[in-house]
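For reference, the structure discussed in these notes is given below.
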Amino acid sequence: MTEHYAFTPPATVSVPVVGSPDRFPVHRIYCVGRNYEEHAKEMGFTGREPPFFFLKPADTIVVAEPGQTASTPYPSLTSNLHHEIELVVAIGTGGKNIQAADAARHIYGYAVGLDMTRRDLQGEMKKQGRPWCIGKAYDHSAPIGPITLAADAGDVNNAPIWLQVNGSDRQRSNVNKLIWNVAETIEHLSAAWELQPGDLIYTGTPEGVNAVVRGDLLVGAVEGLTPLSVSIG
């Protein structure tokens, strides 16, 4: 029987794939909190705590098409918008209770992403012991560059990761400094949710997070992947 919807369903959110006409359809966006030790310290925490996760809606994605600079508006309700550069893992084969040793076969590819954060709103919700979705999961909060297939991404687990704002360094580290590496993250995440093809995992940000303002140009990279360029409107 033909289904009739009350209104036209939204288009599928998708990300370009390097060297392919295919696009990666996004299912869910999972984010790992405080997953670099130095960033954890600058946020007031220390040690290797158990990983924790939060989600962003798929339609918070802002896609930087190959060779282009994406534009994201300065969001409402904030005066303290922060950048967080991240390695993003794209899941191609789903699964539940995936072991770290088997995680690689579930990975479709990798991309560079930004977890943009309304830090003042997040901080206020933390003080009140309330969920901080308003600080993390707002519209246009998940810029991402093209996805590079896993086979073409090189040694991404030991790759330099960096972000410049208006040509000056803000964040610079290495993916090998993740507290919970990609495989371990997939193991923990898949114990809590059954991962699906199309899931994206923003793996955490290194130290150096700071505020941006209208007119700023953010350029970030993970060695071996297509850089991400985003302007703040």
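Since we're looking at a predicted model, the values are computed, not measured.
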Backbone of Leu217 reached by a side-chain donor or acceptor of Asn166 within 3.5 Å | yes
Got a donor-acceptor contact below 3.5 angstrom from the Gln122 side chain to the Gly135 backbone?
-> no
For Tyr30, the option from Phe53, Phe52, Phe54, Trp193 that meets ring-ring contact (aromatic ring centres under 6.0 Å, His included) = Trp193
How many angstroms lie between OG in Ser76 and CD1 in Ile134, if you round to the nearest 0.5 Å?
-> 8.0 Å
Would you check if Ile98 and Glu187 make a side-chain contact, meaning some heavy-atom pair closer than 4.5 Å?
-> no
Is there a donor-acceptor pair under 3.5 Å between the side chain of Thr12 and the backbone N or O of Pro25?
-> no
Are the side chain of Asp115 and the backbone of Glu84 linked by a donor-acceptor contact shorter than 3.5 Å?
-> no
Straight-line distance of Ile186 CD1 to Leu195 CG, nearest 0.5 Å = 7.0 Å
Beyond-backbone contact of Asp59 with Pro10, side-chain heavy atoms, under 4.5 angstrom = no
Within-4.5 Å side-chain heavy-atom neighbours: Pro75 and His140 = no
Transitively linked via ILVMFWY side-chain contacts under 4.5 Å: Met116 with Val32?
-> yes
Output yes when a side-chain donor or acceptor of Ser173 lies under 3.5 Å from a complementary backbone atom of Gln171, and no otherwise.
-> no
Would you check if the side chain of Lys136 reaches a backbone N or O of Lys56 as a donor-acceptor pair within less than 3.5 Å?
-> no
Has the side chain of Thr78 got a donor or acceptor atom that lies under 3.5 Å from a matching backbone atom of Asn80?
-> yes
Is Val63 close to Arg23 at the side-chain level, that is, under 4.5 Å between some pair of heavy atoms?
-> yes
Does Ile85 reach the side chain of Leu114, with side-chain heavy atoms less than 4.5 Å apart?
-> yes
Taking it one step at a time, do Arg118 and Glu124 satisfy salt bridge (charged side-chain N to carboxylate O under 4.0 Å, His left out)?
-> CA-CA 10 Å; Arg118 295 192 282 201; Glu124 185 59 33; over 6 Å; no
Residue pair Leu163, Leu218: steps toward the side chain to side chain contact (heavy atoms under 4.5 Å, CB included) verdict = CA-CA 7 Å; Leu163 177 77; Leu218 286 61; 4.2 Å; yes
With a 4.5 Å heavy-atom cut-off, do Val15 and Val88 have their side chains touching?
-> no
If Ile, Leu, Val, Met, Phe, Trp and Tyr residues are connected whenever their side-chain heavy atoms lie under 4.5 Å apart, and connections chain through other members, are Ile107 and Leu178 in the same group?
-> yes
Short side-chain to backbone donor-acceptor contact, Arg214 and Pro73, under 3.5 Å = no
Can a salt bridge be assigned to the pair Glu207 and Lys177 using a cut-off of 4.0 Å between side-chain N and carboxylate O?
-> no
Considering all heavy atoms of both residues, which atom of Trp180 and which atom of Glu184 are nearest to each other, and what is their separation?
-> CA-OE1, 3.5 Å
Whether Thr60 side chain and Ser141 backbone form a donor-acceptor pair below 3.5 Å | no
For the side chain of Asp120 and the backbone of Ser79, is there at least one donor-acceptor N/O pair under 3.5 Å apart?
-> yes
State, yes or no, whether a side-chain contact exists between Asp199 and Leu189 at a heavy-atom distance under 4.5 Å.
-> no
Do other residues, nucleotides or ligands put more than 12 heavy atoms under 6.0 Å from the NZ atom of Lys127?
-> no
Check the pair Tyr110 / Val89 against side chain to side chain contact (heavy atoms under 4.5 Å, CB included), numbers first and verdict last.
-> CA-CA 5 Å; Tyr110 301 92; Val89 179; 3.9 Å; yes
Pair Val26-Ile144, side chain to side chain contact (heavy atoms under 4.5 Å, CB included): steps then yes or no | CA-CA 12 Å; Val26 179; Ile144 189 171; over 6 Å; no
Start with the C-alpha gap between Tyr108 and Leu149, add the side-chain angles, then the distance that decides, and say whether side chain to side chain contact (heavy atoms under 4.5 Å, CB included) holds.
-> CA-CA 6 Å; Tyr108 178 85; Leu149 296 176; 3.5 Å; yes
Indicate yes or no: at least one non-hydrogen side-chain atom of Ile201 is less than 4.5 angstrom from one of Thr185.
-> yes
Any chance you could measure Asp216, atom CG, to Ile232, atom CD1, to the nearest 0.5 Å?
-> 7.0 Å
